[in-house]
Every structure is written in structure tokens, then in C-alpha cells.
Amino acid sequence: MDLLSNLNEVQREIVQDTEGKLLVLAGAGSGKTRVLTHRVAYLVAEKGVWGSSVLAITFTNKATAEMRERLDVLLGPDHGVWISTIHSLAARILRRFGEHIGYDSNFSIYDESDSARMISKVITEAQIDDNRIKEALKEHIGKAKNEGMSPEEYFYEINGLVNDAELIVKLYARYEELLKHNNAMDFDDLLHKLKKLLMTSDECLSYYQNKFRYIHVDEFQDTNKVQYEIIKMLAAKWGNLFVVGDDDQSIYGWRGARVENILNFDKEFKDAKVHKLLENYRSTEEILNTANNVIQNNKARHEKKLFTNRGKGLKVEYYNAWNDRNEAEWVVGKIESLIFYNGYRKKDFAILVRANSLTRIFEQMLQTSRLSYRVVGGYKFFDRKEIQDVLAYMRAVANARDNVAIERIINFPARGIGDATIDKLGVYSYEMQVSTLNVLLSLNDHAGRLPKGIAKKVEVFADLMKDLYLNKGMPVDKFMQYVVEKVGFEQAYLSTKKEEDITRWENVQQLINYAKEYSAKNPGASLEDFLETVSLEESGKDEDPTSRDKITIATMHSVKGLEFRVVFIVGCEEEIFPSSQALKAGELEEERRIMYVAITRAQERLYISNAQRRFRFGKVQDCLQSRFVQEAKGENENAYKLFGERKAYLDGLGKRPSYLDDEPASSRIRESQATRARAVVPQPKVVKPVAKDLTGYVGGAKVKHPNYGEGTILVVLGEGANATATIAFPGLGVKKFIIALAPLTLIK
DNA sequence: AGACTGTGATTTTTT
DNA sequence: ATCACAGTCT
């Protein structure tokens with residue numbers, strides 16, 4: 001049979017095992033997506049299951065696109081299978097049934113920046129002038145929603161653990177109220193409210209339960225609590241739930257992903273069948289071994305030994321660069337030589353970074369070498385101010401209650417309308433119990449209450465909005481052009497003669513092109529449809545990776561699921577990778593999984609590098625090689641010790657570790673740097689990480705942290721250098737630290 | 001209301 | 001280095 005012929009035995013078995021609950025533990029590069037798509041295709045083509053009763057949930061838009069593409073090949077384009085991210089699934093269901101829980105179907109979706117505006121507003125409104133609370137509040141709200149907790153429920157969760165629990169919950173509740181008032185949902189809400197809807201409305205629940213007879217979840221290790229609950233509810237009727245994932249690739253813990261979902265799946269469902277995909281089809285043995293060297297340092301994982309038939313392959317190369325520029329030169333030099341002598345193409349290469357801020361130097365270096373590249377992740381086109389502004393005009397008329405959108409544009413382009421006036425309009429809106437847009441649309445009734453001059457200005461804006469409102473039924477691309485023209489974006493940007501503004505205008509035009517493409521592809525799509533696509537699938541808009549021959553520069557997170565013949569893992573320095581916040585929070589294992597994901601992207605050649613000095617935060621800084629480098633080399637049992645010695649040496653304490661002798665000549669230059677620095681700069685006090693006395697760090701002890709202040713240890717886990725402490729900081733929440741490394745001091 | 005100035009944080013990752 | 005934000009001046 002055609003469908004099964006290009007699968008291995010295990011894969012074939014999984015594909016044919018169609019009924020009931022199935023957990024597939026799929027190692028990196030083991031053909032996970034292949035199994036998933038073939039299984040769906042098998043259901044439809046061989047089992048005669050109707051495509052529209054099959055649901056496949058993926059984690060990113062990229063994965064959605066890839067899966068749809070592959071399925072189109074296997075089944076032809078009209079298979080009707082519902083493939084989407086869980087967020088857009090939620091949005092679709094909520095548009096249809098949202099009124100059951102009090103939402104209009106045209107609700108706005110607030111992205112990170114909209115939501116940040118709202119949070120600021122809530123804080124200002126409560127007259128709190130503590131700068132630190134914004135971040136904390138954001139974190140709390142996200143956490144509460146990811147756990148699926150209402151303000152009340154969340155209060156019980158944190159009460160007693162966090163000092164300002166009451167305040168935080170009050171602000172969370174107010175934030176919710178405002179969202180509701182604006183007929184808007186943030187990203188987390190899409191899930192949170194979907195759960196609520198499914199629990200409230202039998203009609204909605206049974207509709208989708210009946211519809212989806214077979215449910216598939218990709219990247220299951222990345223699901224959070226609410227997502228899992230939603231999936232379980234949807235699958236409750238037919239019980240056909242197929243989940244695939246790899247606990248070693250769980251790298252979204254910071255967003256509430258719970259590895260336990262995958263670790264406990266077979267315990268939760270006793271009848272679940274478990275399959276393992278252990279054959280790696282992607283990488284050579286050398287690369288796979290490197291990956292294994294790293295990941296085996298993690299404690300919380302399913303032990304799995306991947307194998308490959310790709311042969312031994314080439315040794316992994318390491319480079320300890322003298323500075324960031326030198327590192328980039330090395331990378332580009334390697335690329336040039338591989339292209340010239342070994343016949344590689346540009347699209348075969350990926351340069352992987354931990355954080356977006358590291359990409360710049362590689363971009364520069366590739367530009368000077370005339371090598372074309374693309375940057376994945378990073379600042380998104382749709383996050384640009386000018387794009388958000390155009391969209392805000394469209395949003396404001398699509399959802400009349402979207403006050404965040406109105407406030408965003410009421411004074412752009414500048415119309416002389418300030419905060420005071422906006423507040424007044426808010427008051428009228430409250431008095432009349434109508435939306436701010438409605439206040440504007442019927443401004444005549446209120447204009448008398450505003451100062452004369454201001455009233456004139458507001459009227460101009462009101463007339464504009466009225467005009468746009470009356471024309472919102474146009475085809476999406478036409479409407480956008482109409483908006484841009486009426487608002488006068490071109491005038492606003494081109495009159496200043498500033499380089500930056502010209503670019504902005506070009507971006508607006510690009511947005512119009514995007515809208516044209518969209519309209520052509522989706523004739524008859526409504527304004528709401530368009531806005532939803534933009535807010536949930538904006539990154540899917542990127543050109544597809546294989547079409548152009550370009551080098552890829554990307555964050556390690558954004559290449560999950562992809563593969564490249566040659567991979568460079570750069571910027572392997574402490575505080576960068578592992579990141580400083582991960583170190584602070586004691587989330588080393590997740591960082592290590594990120595390293596694992598990065599390594600396993602490579603098919604043939606892998607290069608790992610670090611720079612000893614790097615330009616960061618406006619100045620050149622000394623950097624310490626990441627402990628992951630030692631782990632990758634297979635010296636993992638010594639990694640912590642070496643790391644400690646090396647840090648002491650660079651800090652001007654301790655003697656030169658002998659293993660440094662094996663490193664390239666550049667490190668000797670570095671040594672003279674260290675010596676010089678030592679001579680000139682008075683030494684700051686340094687705590688030797690390995691020598692720290694750990695006694696006294698027990699549950700109940702009070703400790704002090706330079707950034708978080710005083711806190712109480714809740715529990716200590718592990719021993720020695722690995723011991724972690726979970727500490728409650730009043731008002732800031734609970735954090736985890738590695739005691740030996742964290743800057744903690746005991747207080748009596 | 002808007003322009004100007006100084007300060008302080010910022011750099012983790014994504015829907 | 002760069003940017004956002006708060007505070008002050010015009």
C-alpha cells in the first residue's frame with residue numbers, strides 16, 4: 001500500500017493503530033511529523049473517515065503550514081481536515097459560540113503590546129507608582145490564565161505565598177473587566193475563555209465533541225494546563241486521542257508548558273498505548289552523541305537512547321573566539337569555504353542564537369561577504385508601529401468597543417488631542433453606557449461639554465471614524481487602502497523627510513500588498529477574518545524557508561522541527577546561554593533542552609562557538625564559555641568543576657586551568673587581557689561558586705537576594721552543587737535557584 | 001498639548 | 001547603544 005510503504009515498521013504500526021488513546025514518544029528527527037501526517041491520511045484514505053471530523057493541533061503556524069502542505073500532497077487539497085494551532089482553533093470556536101459566555105463574535109484579539117497597554121492603564125488607574133509591579137503583574141496574569149484560574153481561584157493559589165496577593169488579584173480582576181468591556185481577548189484568554197465556554201455551554205461542547213472523532217496533538221510536551229484540559233474535553237466523547245512529543249524538547253516551560261502532561265499521560269489514561277520512535281533519520285552519530293552528552297545531564301526526563309544509520313560522520317568542531325567579531329568571521333569563513341570547496345548551498349546553513357539580540361553581528365558579516373540570509377524570529381513586521389496603527393484603525397471599526405485601538409489612533413497622526421480629552425470621552429462613554437466609538441459617532445450631543453478648540457479637533461476625528469465605519473464592508477484590501485488614504489498616512493510620513501518615516505511608509509505599502517494577496521486568496525473574507533489572521537498567523541506570512549537559497553539566522557526556539565545540513569550554535573556563553581534569567585530562576589534543565597534542540601537540528605556538520613568578549617549593553621564585556629560546551633565535548637562529569645575553575649581564573653582568583661592549554665591561540669591573547677584587566681581595575685568581591693557553604697539553606701530559612709530582596713525558603717531539593725531552593729519573595733512570587741550559583745545570603 | 005531632557009532598564013524564548 | 005518613560009518647560 002502506497003501510504004505505508006515509506007514508513008519504517010514502528011511508524012507503520014503507529015499509523016495503523018487508529019483507535020483509542022495513543023502516546024508517541026518521538027525522539028528528535030525520528031519522523032514525527034511524517035507519522036502524524038500519514039496517520040491522518042490513513043484515517044481519511046483507508047479508513048474512510050470524513051476529513052472534517054479529524055482535528056490536528058499544532059504548536060506554531062509554521063508547523064500548521066508544513067503539515068497542511070504535506071497532507072495536501074497525500075490526500076489532495078480538499079481533504080477538509082481541520083489543522084490549526086490551538087489558538088486559532090479557540091478563536092474560531094469563540095467567534096461562533098462566544099455569545100454563550102457574553103462575547104460578541106467580533107471580539108478583538110490583543111497582542112502582547114495591546115495587553116501591556118491595558119496593564120499599564122490598570123496600574124495607573126489604581127494609582128500605584130511602583131515600577132516593578134508591571135512586570136510582576138504581567139507574569140501573574142499570564143500564570144493564572146495558563147493554569148486556567150479566575151481571579152478568585154488565583155487568590156487562593158497565591159494567598160499567603162505572595163505579599164500583595166490581594167492587590168495583584170484585584171488588578172488582575174480589573175484587567176479582565178477592561179478586556180471584557182472592550183470586547184477583547186488576549187492570547188491567553190483565547191484558551192482560558194474557550195475552556196469556560198466548553199464548560200458552560202453544552203450545546204457548544206457537544207457540537208465539537210461530536211464533530212471531532214479523531215484528535216491529534218503535535219508537540220505535546222509544550223501544552224500547558226488549560227490547553228490540556230481543552231483537549232481532554234474535546235476528546236471525551238470518542239476517546240480517540242493521539243499525542244506526539246518529546247520530553248527532551250520541552251522548551252516552553254516559561255510559558256506554562258507542562259512536561260508532566262507527557263510524562264504522566266499513560267498513568268492518567270490506563271488504556272493508553274505507548275509507542276517510541278527512537279531511530280533518528282537526520283543526524284550523524286557524532287552529532288547524535290553530542291546531543292546525548294548534553295541531555296544526559298538532565299534529571300527530569302525519560303531515558304531514551306536514539307540511534308542512527310547515517311554513519312559516524314564528521315567530528316563536531318568547537319571555536320573559542322577572541323571576541324564577537326572574530327566569532328562571526330570564523331562562522332562566515334567556514335560557510336564560504338564549505339560553499340566553495342564542498343558544494344553546499346546557502347540554504348543548507350543555519351546560525352542559531354539563544355537571543356535575538358545576538359543576530360546583528362552575523363547579519364553584518366554576511367552582508368559584507370555578499371551572502372544572502374534571512375532572519376527568523378526577531379522583530380516582526382506586524383509589530384511595527386506603523387503597521388499596528390493601520391490595523392488599529394481597522395480594528396476600531398470592526399469592534400466598536402475596542403478602546404485600546406481608539407486610544408492608539410485618536411492622536412495619530414497628531415490631531416492635538418491629549419490624555420485629558422481622552423479621559424473625558426471615557427467619562428461620557430461610561431455615563432451613556434456606550435462605547436467610545438459611539439460617543440464619537442454621536443459627538444454632537446457631547447461636543448458642547450468640551451472646550452471649543454478641542455471640540456473642533458475631536459470632531460474632525462469623529463467624522464473620519466464615521467466615514468470609515470460606513471465603509472467597512474468593502475473588500476479587505478480596498479478598505480485598507482481607503483483607510484490609509486483617508487487617514488493620510490502618506491502625508492504624515494512623507495512630509496517629515498526623515499529616513500525613518502520613509503521606511504515606515506514603505507512598510508505601510510507592504511502591508512497593503514499583503515492585504516491584496518490575502519483578498520485574492522480569500523475572496524469574500526470579512527474584516528474580522530482578516531484581523532484574526534493577522535493577529536494569530538502573522539508569522540506564517542514569512543516566505544517559506546526552502547524557496548530561496550539563503551542562509552538562515554534564527555533563534556533556537558524558532559527552528560524547532562526544522563533541519564539543516566550545517567548548523568552553527570553561536571554565542572555559547574554563560575549569562576547568554578544559559579541565559580541570565582534562567583540561571584537566576586534555576587531553570588538550567590530547560591536551557592539544556594534548548595541546547596539539545598539546537599544540536600539535533602544538524603544533519604551533517606555541527607559547529608559550536610563562543611566569544612571571550614562581547615559587545616553588550618553598550619560596552620565590551622568579558623564572557624565565560626558556556627558550561628554546555630564542556631558538556632557537549634563529553635567532559636560533562638567535570639563540567640561544573642571546570643566551570644568553577646575557569647570562572648575563578650577569569651575573575652582573577654585561582655590559577656590557570658590546565659585544559660585551557662588545548663584551546664586555540666586566541667585564548668592566549670585573552671589571557672593577557674585578563675592580566676591587564678587585573679592590573680588596572682580594582683577587583684570586585686567575587687564569590688567562588690564551588691566553594692559556597694550550603695549548610696543553613698533549609699526549608700524555612702530566611703535569605704536575601706540582591707534583585708529580589710528578602711525571602712523564605714520553601715523547600716530545598718537535591719544536594720551539593722545541584723541543590724535548588726524554591727524561595728518565596730513577598731510581592732514577587734516564588735523563584736527557584738541553584739544555591740551554589742545564585743547570589744543568595746542567609747539572614748538571621 | 002507637545003517638545004525636550006535626563007534617567008534607567010534592556011536582551012529569552014512565542015501564540 | 002538605544003529606547004521607553006517620567007518630568008519639566010514652552
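What you see is a predicted model, and the numbers here were worked out from it, not measured in a lab.
If A:T421 and A:I594 are placed on DNA chain B by their nearest nucleotide, the residue sitting closer to the 5' end is A:T421.
Taking atom OH on A:Y596 and atom C1' on B:dT13, their separation rounds to 19 Å, with Å as the unit. Atom CD1 in A:I454 sits roughly 8 Å away from atom P in B:dG2 (whole-Å rounding). Straight-line distance from the CD1 atom of A:I417 to the P atom of B:dG2: 9 Å, rounded to whole Å. Rounded to whole angstrom, the span from the CG atom of A:D188 across to the P atom of B:dT14 amounts to 15 Å. Rounded to a whole Å, the NE2 atom of A:H557 is 14 Å from the C1' atom of B:dT11. Atom C1' of nucleotide B:dT14 and atom CD1 of A:I86 are separated by 15 Å, given to the nearest angstrom. Rounded to whole Å, atom P of B:dT10 lies 14 Å from atom NZ of A:K619. Rounded to an integer number of Å, the gap from NZ of A:K385 to C1' of C:dC3 is 15 Å.
On a pure distance criterion of 3.5 Å, a polar donor-acceptor pair joins the side chain of A:R354 and the base of B:dT13.
Taking only side-chain nitrogens and oxygens, A:N411 never comes nearer than 4.0 Å to OP1 or OP2 of B:dA1. One finds no side-chain N or O of A:S535 lying less than 4.0 angstrom from the OP1 or OP2 phosphate oxygen of B:dT15. Regarding contacts with the backbone of B:dT14, every side-chain N or O of A:N61 stays at 4.0 angstrom or more from both OP1 and OP2. Of the side-chain N and O atoms in A:T555, one or more sit less than 4.0 angstrom from OP1 or OP2 of B:dT14.
Contacts of A:S558 with the nucleic acid, taken as non-hydrogen atoms under 4.0 Å apart, involve only primed sugar atoms and P, OP1 or OP2. At a threshold of 4.0 angstrom between heavy atoms, the contacts of A:F59 are confined to the sugar-phosphate backbone, with no base atom among them.
A salt bridge links A:R301 with A:D248: the closest approach of a Lys/Arg side-chain nitrogen to an acidic carboxylate oxygen falls below 4.0 angstrom. Salt bridge present: A:K145 and A:E176 bring a charged side-chain N and a carboxylate O closer than 4.0 Å.
Atom-to-atom distance recorded for A:I608:CD1 and A:F577:CZ is 9.5 Å, nearest 0.5 angstrom. Between the CD atom of A:Q612 and the CD atom of A:Q625 there is a distance of 8.0 Å, given to the nearest 0.5 Å.
In this pair, A:Y518 and A:F530 present their aromatic rings perpendicular. The plane angle is above 60°, beyond the 30 to 60° band.
A stacked arrangement is assigned to A:W254 and the six-membered base ring of B:dT13, with a centre-to-centre distance below 5.5 Å and an interplanar angle below 30°.
Comparing B:dT11, B:dA1, B:dT13 by their nearest atom to the side chain of A:N356 picks out B:dT13. Candidate nucleotides B:dT13, B:dT11, C:dA1 were compared by shortest atom distance to the side chain of A:F615, and C:dA1 ranks first. When the nucleotides B:dT13, B:dT11, B:dT15 are ranked by their closest atom to the side chain of A:S357, B:dT11 comes out on top. When distances are taken from the side chain of A:R616 to each of B:dG2, B:dT15, B:dT11, the shortest belongs to B:dT11.
In this structure, A:F568 has its ring center no closer than 6.0 Å to that of A:F362.
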